[in-house]
Chemist: 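Dumping the structure here so I can ask a few things about it.
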Amino acid sequence: MAQISLNEIFQGYVGRRGVFKNKETLSIAFTPDNIPHREEQIKQLGMILAPVLRKEKPSNVFIYGKTGTGKSLCASHTIKKLSDQTNGKLKTIYINCKMRRVSDTEYRLLSQLISFFGVEVPYTGLPTDSLYKKFFNLLDQGEGNTLLVLDEIDALVKKVGDGILYNLTRINQELKKTKLTIVGISNNISFINDMDPRVRSSLSEEEAVFPPYNASELRDILTERSQLAFNPGTVSSGVIEKCSALAAQEHGDARKALDLLRVAGEVAERMGNEKVLKEHVDLAEKKLDTDKTLEITKTQPRQSQCVLLSILELFRKGTKNTQTGDIYDVYIQICRRNNLKVLTQRRVSDLISELDMFGIVNSKVISKGRYGRTREIKLNLSGEMITRIENFLKEEFI
DNA sequence: CCTCCACAGGAAGCGCAGGAGT
DNA sequence: ACTCCTGCGCTTCCTGTGGAGG
């Protein structure tokens, strides 16, 4: 039985022409040749970095803009073009500072930098400044310019402070043959104010701002990409407009727009449609939403999951106007059942606030007069999400 | 008008882990 | 290898508060 139906599925797959021609072109990792609506920024970056062609040191650049505004894309595009001009002689080090366990401490970042020169360094044990020396020596062995791209640089500063940036910006004073230029990329603008003024000024000798895309700009981007990604005529009208509009509502995030389009295509294929329809976009949005919330709950610490389960149990019982105390009572029971340490109500209250921040619940402070002042907590999830999260939590807890 | 409920949410401090300095 | 030092999760203690009921 199972085999027959599987065969049918496979047959359906092979027999039909899928909607995708090249799905890769919709992923964030893909670098298109043409980047619409970023001509200004690319030109600006090009002008800032152009001195490398004359073997002079360009200014350090600080790039900021919200997620999905094309910062990393434009930076890597510009640098690649620049590198082509120099016949690949331009050395570029790209580091994403948000990668956990890779580059989230001073030591790890330095060992990353060193490994770019093909030298491996022990995971731990060496003093930090000997790593600096090593990096310095490796750097100075080469000629000309080295570009250091620090993506999500705000994460680095938040984690380890600005000392490392201070050291890196000063390194040029010592270097003889090479020059190091830092390209910092951040989606948080305010963090730069917390930095040491010296670091701030040397890091942002030049600044490039990436504004959010509006709906029509997003539409252009999607139109271009969809021609690469989909077979001709498989995207019905209105689909791209819908994806653009949804993503524009969320601070003009091109990544979200591309995700929506890609998942809509996947949904269409799975449902056996030969065309991507507007309804598929709705389903895609739901799926992305659910996946995201599920991912959040999965990565949440156990205590927080326990609190969420308490809220879910109360919801299933149909309790109206859930308040902190109710949740705490259920929470205690779940902890006992699961042999978990019972935290104080004060702490649980904070955990509820965290769930609120994630958008999983909505809580608002209300006063019930004689019957006290508390927070009214409501689940902020669709029915399908509740079931999926519940299924996950039921596996984790008794 | 006052009271008093059921908490909110700030402040201080504790114990721990893991990194930095030596 | 050894002490600091720092950040984090958490507890303890605290003061503050909107409004129903007296």
Side-chain angles (χ1 to χ4, degrees), chain A residues 95 97-115 121-136 152-168 170 188 191 194-196 199 296-311 314 319-336 338-380 396-397:
Chain A
I95 287 186
C97 306
K98 220 173 184 173
M99 301 264 282
R100 270 187 215 165
R101 309 251 119 220
V102 178
S103 48
D104 58 355
T105 70
E106 192 173 13
Y107 190 96
R108 289 198 190 116
L109 185 81
L110 281 166
S111 71
Q112 273 284 101
L113 290 175
I114 291 167
S115 75
V121 131
Y123 292 116
T124 179
L126 298 178
T128 319
D129 61 326
S130 82
L131 286 197
Y132 270 113
K133 275 201 194 102
K134 195 160 221 150
F135 174 59
F136 177 85
E152 316 232 29
I153 196 172
D154 45 333
L156 178 72
V157 174
K158 200 176 165 201
K159 258 254 160 194
V160 297
D162 51 17
I164 186 167
L165 294 177
Y166 181 69
N167 290 332
L168 285 175
R170 272 176 30 130
N188 184 342
F191 98 102
D194 309 332
M195 288 198 308
D196 188 310
V199 181
I296 292 172
T297 41
K298 277 184 183 170
T299 53
Q300 218 52 12
R302 219 169 146 62
Q303 286 288 354
S304 184
Q305 292 176 348
C306 190
V307 173
L308 180 55
L309 182 59
S310 315
I311 298 170
L314 279 166
T319 318
K320 269 270 170 191
N321 307 328
T322 318
Q323 59 189 57
T324 311
D326 305 338
I327 294 173
Y328 192 62
D329 294 340
V330 180
Y331 162 82
I332 292 172
Q333 289 172 26
I334 298 177
C335 282
R336 298 237 169 90
N338 289 277
N339 223 355
L340 212 62
K341 198 182 167 223
V342 180
L343 301 182
T344 54
Q345 185 164 332
R346 179 71 187 82
R347 180 64 188 142
V348 170
S349 165
D350 278 346
L351 291 176
I352 294 171
S353 304
E354 277 172 35
L355 291 175
D356 189 12
M357 290 213 301
F358 284 122
I360 295 174
V361 301
N362 272 333
S363 75
K364 88 172 173 237
V365 192
I366 52 151
S367 179
K368 301 202 292 175
R370 177 95 272 196
Y371 307 101
R373 208 168 107 87
T374 179
R375 269 190 310 191
E376 195 177 82
I377 293 120
K378 282 188 203 139
L379 266 177
N380 191 26
E396 297 288 307
F397 295 90

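Proteins come first, then strands; the chains are lettered A, B, ... in the order of their sequence lines, and each starts at number 1.
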Chemist: Kindly confirm or rule out a cation-pi arrangement of A:Arg302 over A:Phe397, judged by NZ or CZ under 6.0 Å from the six-membered ring centre and within 45° of its axis?
Modeler: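 That pair qualifies as a cation-pi contact.
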Chemist: What is the distance from CG of A:Leu351 to C1' of C:dT11, rounded to the nearest Å?
Modeler: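 From A:Leu351 CG to C:dT11 C1': 13 Å.
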Chemist: May I ask you to evaluate whether A:Thr324 reaches the phosphate of B:dA8, defined as a side-chain N or O under 4.0 Å from OP1 or OP2?
Modeler: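 Yes, because at least one side-chain N or O of A:Thr324 sits under 4.0 Å from OP1 or OP2 of B:dA8.
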Chemist: CE of A:Met357 to CD of A:Glu354: how many Å apart, nearest 0.5 Å?
Modeler: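 Rounded to the nearest 0.5 Å, the CE-CD separation comes to 6.0 Å.
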Chemist: Any sub-3.5 Å donor-acceptor pair from A:Tyr331's side-chain atoms to A:Leu343's backbone N or O?
Modeler: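 It does hold such a pair.
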Chemist: Any sub-3.5 Å donor-acceptor pair from A:Asn362's side-chain atoms to A:Asn380's backbone N or O?
Modeler: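 Side chain of A:Asn362 to backbone of A:Asn380: no pair is present.
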Chemist: Taking only side-chain N and O atoms of A:Gln323, does any of them lie within less than 4.0 angstrom of OP1 or OP2 on B:dC7?
Modeler: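 Yes, such a contact exists.
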Chemist: In whole angstroms, how far is the C1' atom of C:dC10 from the CD atom of A:Gln303?
Modeler: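 Rounded to whole Å, this separation is 10 Å.
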Chemist: In residues 363-374 of chain A, what residues come within less than 4.0 Å of DNA chain B, judged by heavy atoms?
Modeler: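 Contacting residues: A:Val365, A:Gly369, A:Arg370, A:Tyr371, A:Gly372, A:Arg373, A:Thr374.
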Chemist: The side chain of A:Arg347 lies closest to which of these nucleotides: C:dG9, C:dT12, B:dG9?
Modeler: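 That would be C:dG9.
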Chemist: With a 4.0 Å cutoff (strictly under), does any side-chain N or O of A:Ser349 reach OP1 or OP2 of B:dA8?
Modeler: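 Yes, because at least one side-chain N or O of A:Ser349 sits under 4.0 Å from OP1 or OP2 of B:dA8.
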Chemist: Would you mind reading off the distance between A:Asp350 atom CG and C:dT12 atom C1', rounded to a whole angstrom?
Modeler: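 For the pair A:Asp350 CG and C:dT12 C1', the rounded distance is 14 Å.
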Chemist: If you look at every strand shown and take non-hydrogen atoms under 4.0 Å, does A:Val342 touch a base, only sugar-phosphate, or nothing?
Modeler: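 A:Val342: backbone/sugar contact only, no base atoms under 4.0 Å.
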Chemist: Please round to 10 degrees the angle between the axis of the first five pairs and the axis of the last five pairs in the helix from B:dT3-C:dA20 to B:dT22-C:dA1.
Modeler: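 End axes: 30° apart.
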Chemist: Can you name the nearest heavy-atom pair linking A:Leu355 to A:Ser304, along with the distance?
Modeler: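 Scanning both residues completely, I find the closest heavy atoms to be CD2-OG, 4.0 Å.
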Chemist: Given atom CG of A:Asp329 and atom C1' of B:dC7, what is their separation to the nearest angstrom?
Modeler: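 Going from CG in A:Asp329 over to C1' in B:dC7 covers 13 Å.
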Chemist: Expressed in angstrom and rounded to an integer, what is the separation of A:Gln345 atom CD from C:dC14 atom C1'?
Modeler: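 Roughly 15 Å, once rounded to whole Å.
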Chemist: Which sits closer to the 5' end of DNA chain B, A:Asp326 or A:Arg346, going by the nucleotide each is nearest to?
Modeler: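 The residue mapped nearer the 5' terminus is A:Asp326.
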Chemist: What pairs with A:Arg375 under side chain to side chain donor-acceptor pair (under 3.5 Å), at least two apart in sequence or on another chain?
Modeler: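 Result, side chain to side chain donor-acceptor pair (under 3.5 Å) vs A:Arg375: A:Ser349, A:Ser353.
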Chemist: Taking all non-hydrogen atoms of both residues, which atom of A:Glu396 and which atom of A:Gln305 are closest, and how far apart?
Modeler: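 Scanning both residues completely, I find the closest heavy atoms to be OE1-OE1, 4.3 Å.
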Chemist: Please give me the minimum heavy-atom distance between A:Phe358 and A:Gln300, naming the atom from each residue.
Modeler: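 Result for this residue pair: CE1-NE2, 3.1 Å.
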Chemist: To the nearest Å, give me how far apart CG (A:Asp356) and P (B:dG9) are.
Modeler: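 A:Asp356 atom CG is separated from B:dG9 atom P by 10 Å.
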Chemist: So does A:Glu376 get a backbone contact from the side chain of A:Ser363, meaning a donor-acceptor N/O pair under 3.5 Å?
Modeler: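 Not a single qualifying donor-acceptor pair exists.
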